[in-house]
Amino acid sequence: MTQPARTRIAPSPTGDPHVGTAYVAVFNKALAMQTGGQFVLRIEDTDRERSTAASEAAIFRSLAWLGLGWDEGPDVGGPHGPYRQSERLDIYHDHVKRMVDAGTAYPCFCTPDELAAMRQRQKEAKQPPRYDGTWRDAPKAKVDEWLRAGKPHVVRLRVPNEGSTTFTDEVRGAITFENANIDDQVLLKGDGFPTYHLANVVDDHLMGITHVIRAEEWISSVPKHVFIYDALGYPMPKLAHVPLLRNKDKSKISKRKNPVSIDWYTEKGYLPEAIVNFLALLGYSLESGEEIFDFATLVEQFSIDRINPSAAPVFNLEKLDWLNGEYVRAMSLDALAERILAFGYPADRADMLRRFLPIVQERIKTFDEVAPMTDFFFADPTDYDPELLVPKKCDRAFAREALRGFADRLPALDAAPTGADYEAAVDALATEREWKRGNVFMCLRVAVTGSKQTPPLVESMEILGRDAVARRLEHAITRLGETA
RNA sequence: GCCCCCAUCGUCUAGUCAGGUCCAGGACACCGGAUUUUCGAUCCGGCGACACGGGUUCGAAUCCCGUUGGGGGUACCA
């Protein structure tokens, strides 16, 4: 095995906890675990406008829920903290000072308005929008004077105007950019906060990160990072860019077109292990071709080499649904009941849940389906359309007689009939009257459950008990009479 | 516009780096059949792809070039 890898995810606490964060976390954590390294959670709250404590808490909660816990982070601490960038401002300032002193960065006093106007002009002139270098080579005396006067400014990276920069992406190989196309990136904002680029490089180094596995959208900023690493004399970590999750139209996955918040999946009643399994299937595959596997298996077999550079994984909930169903069906009834209760299924229905779960397990994909499918166990259905009681190609008279006939057989049954008892009664009735069994079943099904699509009927009756069944039959007969 | 990445069934992918074993394999979805008291589950079967054009080679999904297409980036957001 190789050296222990230290990996990280670096989400911004802006908005809901994002599936993209979880997606990247899967690979980072897998690599760290596989090599006996550490998986770090760093909060990149350098955008003061948008960062919120609530969002940060949601990130903690949702990642933990997914089983993607971290070895070091703002909440658990660690030897390389603090793990919240807003608490590391001094560190960034030191680094920026080093860079300015060395001339690899410089103060820029252009105002946001000036920059916006500049971009506008460039756009109109069909020029590529980029910083025009106003302060790049300003006389030192002037810069010092403005600095002393306390003029608001940012600090920019001094990118060479010539030559090219090449780096290696572990997934795609060598990638080269012409330096002339790289802007003088802002490193330190006017509010004294670092930009992503600076903070990211500094922290990855200081935190001992060896492998950066992140989304493809970052590829074009790597050259800037290369300059920062060089300017600081820090070695580059290994970089691996995974494909971006996509909407159906192939654009970068977004809130408008996909459920992107992990909370949504929690609320819908997905299994975290199924979600993680699903994410690991996007842009990645096990050598064996196995599609259903747990995280331990991924940890064992993970290899950056197998990340697919050409994937453009459309986020396909249908496959997640299928996977989740597979997990649900593979679970023991006890475990499943516990999970459904934990999901929020009413605790006072726990006993009943355990009784009907055997006939419900194979019928659900997500936990939010349980309640609607099983409400009939708890309350007599009364608001269904009586027409539903009449099977296809049958008439009301048939429905009435079937219900009556079955109801009349109930008293003769055991006080607590089994499913088999009920089934025998249906059979006897159908045989005697020369009815199609299926028609009798359908009629009874609607009377007892209020729906045409339900868990198996006689088992449901067994759970409901003879009295409830009888009561529902009488109600159905009445309903049929009402509008006849 | 400019820069970068990418191009296999509707979708997720295997195969591409080390060209022949691929008239391209698996999965989801879809369609059909079996089973069946509905739904579901299950089992069988089917549909369905190497973007296009050149080149290299005895041989190309695999290598090269171009075209087209898709995506990302181009902020004092990450």
Side-chain angles (χ1 to χ4, degrees), chain A residues 10-12 14 44-47 49-51 108 110-112 115-116 119 122-123 126-131 152-156 169 171-173 175-178 180-183 185-197 199-200 215-223 241 243-244 246 248-252 278 281-287 289-292 305-306 308-316 318-323 325 329 359-365 373 391 423 426-427 430 436-446 449 451-458:
Chain A
S12 286
T14 55
E44 305 218 328
D45 54 349
T46 54
D47 184 343
E49 303 282 304
R50 299 192 301 147
S51 298
C108 163
C110 292
T111 67
L115 293 172
R119 270 192 293 274
Q122 291 165 332
K123 202 176 160 191
K126 308 242 186 218
Q127 301 282 313
R130 57 171 302 177
Y131 181 61
H153 65 281
V154 301
V155 176
R156 286 181 184 274
D169 178 272
V171 175
R172 287 152 231 272
I175 299 175
T176 300
F177 286 78
E178 293 302 318
N181 291 322
I182 302 166
D183 214 351
Q185 180 62 46
V186 171
L187 300 176
L188 196 66
K189 301 187 251 187
D191 63 2
F193 272 60
T195 56
Y196 167 86
H197 306 283
N200 193 266
E216 195 182 3
E217 59 187 328
W218 295 109
I219 289 181
S220 39
S221 48
V222 173
H241 292 91
L244 225 35
R246 315 292 184 110
K248 274 214 162 44
D249 63 6
K250 300 271 188 182
S251 58
K252 178 160 84 167
F278 172 65
L281 251 21
L282 299 175
Y284 191 80
S285 62
L286 252 33
E287 204 171 353
E290 217 71 54
E291 294 204 297
I292 300 180
D305 293 343
R306 291 196 62 82
N308 181 351
S310 63
V314 169
F315 206 72
N316 183 351
E318 281 174 345
K319 189 139 186 178
L320 206 212
D321 283 341
W322 164 76
L323 247 188
R329 275 171 257 129
I359 55 172
V360 166
Q361 179 176 33
E362 74 179 32
R363 270 161 255 269
I364 55 168
K365 286 180 161 40
M373 190 180 290
E423 187 164 3
V426 173
D427 283 342
K436 279 189 172 170
R437 213 170 111 92
N439 287 338
V440 180
F441 265 107
M442 186 49 81
C443 181
L444 295 175
R445 180 184 311 282
V446 173
T449 70
S451 166
K452 297 178 87 157
Q453 299 172 6
T454 76
L457 185 59
V458 296

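Quick note on labels: first sequence line is chain A, next is B, and so on, each numbered from 1. Just the heavy atoms: all of them, side chains too, but no hydrogens, waters or symmetry mates, feed the values below.
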Over how many whole Å does the gap from A/R437 atom CZ to B/U37 atom C1' extend? 6 Å
What's A/P309 touching, base or sugar-phosphate or nothing? Going by heavy atoms closer than 4.0 Å. sugar-phosphate
Please work out if A/P455 contacts a base, only the sugar-phosphate, or nothing of the nucleic acid, heavy-atom cut-off 4.0 Å. base
Heavy atoms under 4.0 Å, any strand shown: does A/S12 hit a base, just sugar-phosphate, or nothing? sugar-phosphate
Counting heavy atoms from C-beta on, name the nucleotide in B/G72, B/A27, B/C39 closest to the side chain of A/Q453. B/C39
Measure from OH on A/Y196 to P on B/U74 and round the result to the nearest Å. 12 Å
Rounded to the Å, how far apart are A/I219 CD1 and B/G72 C1'? 8 Å
Please answer whether B/C28 and A/W322 are stacked, defined here as ring centres separated by less than 5.5 Å and planes angled under 30°. no
Looking across every strand, which nucleic acid part, if any, lies under 4.0 Å from A/V446 by heavy atom: base, sugar-phosphate, or nothing? nothing
Watson-Crick/G-U partner (both atom distances under 3.5 Å) of B/C2: B/G73
Ignoring hydrogens and angles, tell me if any N or O in the side chain of A/D169 forms a donor-acceptor pair with the backbone of A/H241 under 3.5 Å. yes
Tell me what A/L457 touches on the nucleic acid: a base, only sugar-phosphate, or nothing, going by heavy atoms under 4.0 Å. base
Side chain of A/S220 only, heavy atoms from C-beta on: which candidate in B/G73, B/C76, B/C5 is closest? B/G73
Between B/A18 and B/C63, how many Å separate the two C1' atoms, rounded to a whole number? 12 Å
Is A/K252 paired with A/E216 through a side-chain N to carboxylate O contact shorter than 4.0 Å? no
Using purine N1 to pyrimidine N3 plus N6-O4 or O6-N4 for Watson-Crick, or N1-O2 and O6-N3 for G-U wobble, both under 3.5 Å, which nucleotide pairs with B/G66? B/C52
Counting only side-chain nitrogens and oxygens, does A/R130 get under 4.0 Å of the OP1 or OP2 atom of B/C2? no
Between A/L320 and A/F315, does a side chain to side chain contact (heavy atoms under 4.5 Å, CB included) hold up when you go through it step by step? CA-CA 9 Å; A/L320 206 212; A/F315 206 72; 5.6 Å; no
So for atom NZ, which belongs to A/K436, do other residues, nucleotides or ligands contribute more than 12 heavy atoms lying within a distance under 6.0 Å? no
Would you mind classifying the nucleic acid contact of A/I182 as base, sugar-phosphate or nothing, using non-hydrogen atoms under 4.0 angstrom? nothing
Whole angstrom is fine here: how far is it from CG in A/L187 over to P in B/A75? 15 Å
I'd like the C1' distance from B/A60 over to B/C77, given in whole Å. 45 Å
Give one of base, sugar-phosphate or nothing for A/T111, where a contact means two heavy atoms less than 4.0 Å apart. base
Yes or no on side chain to side chain contact (heavy atoms under 4.5 Å, CB included) for A/I219 and A/I175, after CA distance, side-chain angles and deciding distance? CA-CA 9 Å; A/I219 289 181; A/I175 299 175; 4.1 Å; yes
Paired with B/G32: which nucleotide, if any, by Watson-Crick or G-U wobble criteria at under 3.5 Å for both distances? B/C44
For A/T449, answer base if it contacts any base atom (sugar-phosphate contacts may also be present), sugar-phosphate if it contacts only those atoms, and nothing otherwise; contact means non-hydrogen atoms under 4.0 Å. nothing
NA contact type, A/G190, heavy-atom cut-off 4.0 Å: base, sugar-phosphate, or nothing? base
Could you give the distance separating B/A61 and B/G19 at their P atoms, to the nearest angstrom? 14 Å
When both hydrogen-bonding distances must be under 3.5 Å and the geometry is Watson-Crick or G-U wobble, what is B/C9 paired with, if anything? none
So what does A/S451 touch, heavy atoms closer than 4.0 Å: a base, only the sugar-phosphate, or nothing? nothing
Atom pair distance, as rounded to whole Å: CG in A/L323 and P in B/A41: 14 Å
Work out which heavy atom in A/I292 is nearest to a heavy atom in A/L323; give both atom names and the distance. CG1-CD2, 3.7 Å
Does A/K365 make a side-chain N or O approach to OP1 or OP2 of B/A41 shorter than 4.0 Å? yes
Would A/D47 and A/F193 satisfy side chain to side chain contact (heavy atoms under 4.5 Å, CB included), going step by step from the backbone distance to the final call? CA-CA 8 Å; A/D47 184 343; A/F193 272 60; over 6 Å; no
Separation of B/G70 C1' from A/L244 CG (nearest whole Å): 13 Å
Rounding to a whole Å, what distance do you find between A/E178:CD and B/G1:C1'? 17 Å
Residue A/V186, side-chain atoms from C-beta onward, closest of B/G72, B/C4, B/C76: B/C76
Base of B/U37 paired with side chain of A/R445 (donor-acceptor, under 3.5 Å): yes
Can you find a side chain N or O atom of A/K252 that sits less than 4.0 Å from OP1 or OP2 on B/G73? yes
Check every atom of B/C77, B/U37, B/A41 against the side chain of A/K189 and return the nucleotide holding the closest atom. B/C77
When you get a sec, tell me which of B/C76, B/C3, B/C77 is the closest nucleotide to the side chain of A/N181? B/C3
Quick check on RNA chain B: between A/P128 and A/C108, whose nearest nucleotide comes earlier from the 5' end? A/P128
C1' gap between B/U11 and B/A49, integer Å: 12 Å
Rounded to whole Å, how long is the line connecting atom CZ of A/F193 with atom C1' of B/A78? 14 Å
Using a strict threshold of under 4.0 Å (side-chain N to carboxylate O), is an ion pair present between A/R437 and A/E423? yes
Taking only residues two or more places apart in sequence or in another chain, which ones pass side chain to side chain donor-acceptor pair (under 3.5 Å) with A/S12? none
Side chain to side chain contact (heavy atoms under 4.5 Å, CB included), that's the test. Do A/D183 and A/R130 meet it? Break it down for me. CA-CA 6 Å; A/D183 214 351; A/R130 57 171 302 177; 3.5 Å; yes
What class does the angle between the rings of A/W218 and A/Y196 fall in, given that below 30° is parallel, 30 to 60° is tilted and above 60° is perpendicular? parallel
Using atom P in both nucleotides, what's the gap between B/C12 and B/G72 to the nearest angstrom? 15 Å
Produce the list of close N/O pairs, under 3.5 Å, pairing protein atoms with atoms of nucleotides 9-14 of chain B; give distances to one decimal.
{"residue": "B/U11", "atom": "O2'", "partner": "A/N316", "partner atom": "ND2", "Å": "3.0"}
{"residue": "B/C12", "atom": "OP1", "partner": "A/A312", "partner atom": "O", "Å": "2.9"}
{"residue": "B/C12", "atom": "OP1", "partner": "A/V314", "partner atom": "N", "Å": "2.7"}
{"residue": "B/C12", "atom": "O2'", "partner": "A/L281", "partner atom": "O", "Å": "3.1"}
{"residue": "B/U13", "atom": "OP1", "partner": "A/G283", "partner atom": "N", "Å": "2.2"}
{"residue": "B/A14", "atom": "OP1", "partner": "A/S285", "partner atom": "OG", "Å": "3.3"}
{"residue": "B/A14", "atom": "OP2", "partner": "A/N308", "partner atom": "ND2", "Å": "2.6"}

What's the gap between B/C17 and B/C6 when it is taken at their P atoms, as a whole Å value? 15 Å
For B/A27 versus B/C64, give the span between their P atoms, rounded off to a whole number of Å. 32 Å
For B/C3 versus B/A29, give the span between their C1' atoms, rounded off to a whole number of Å. 38 Å
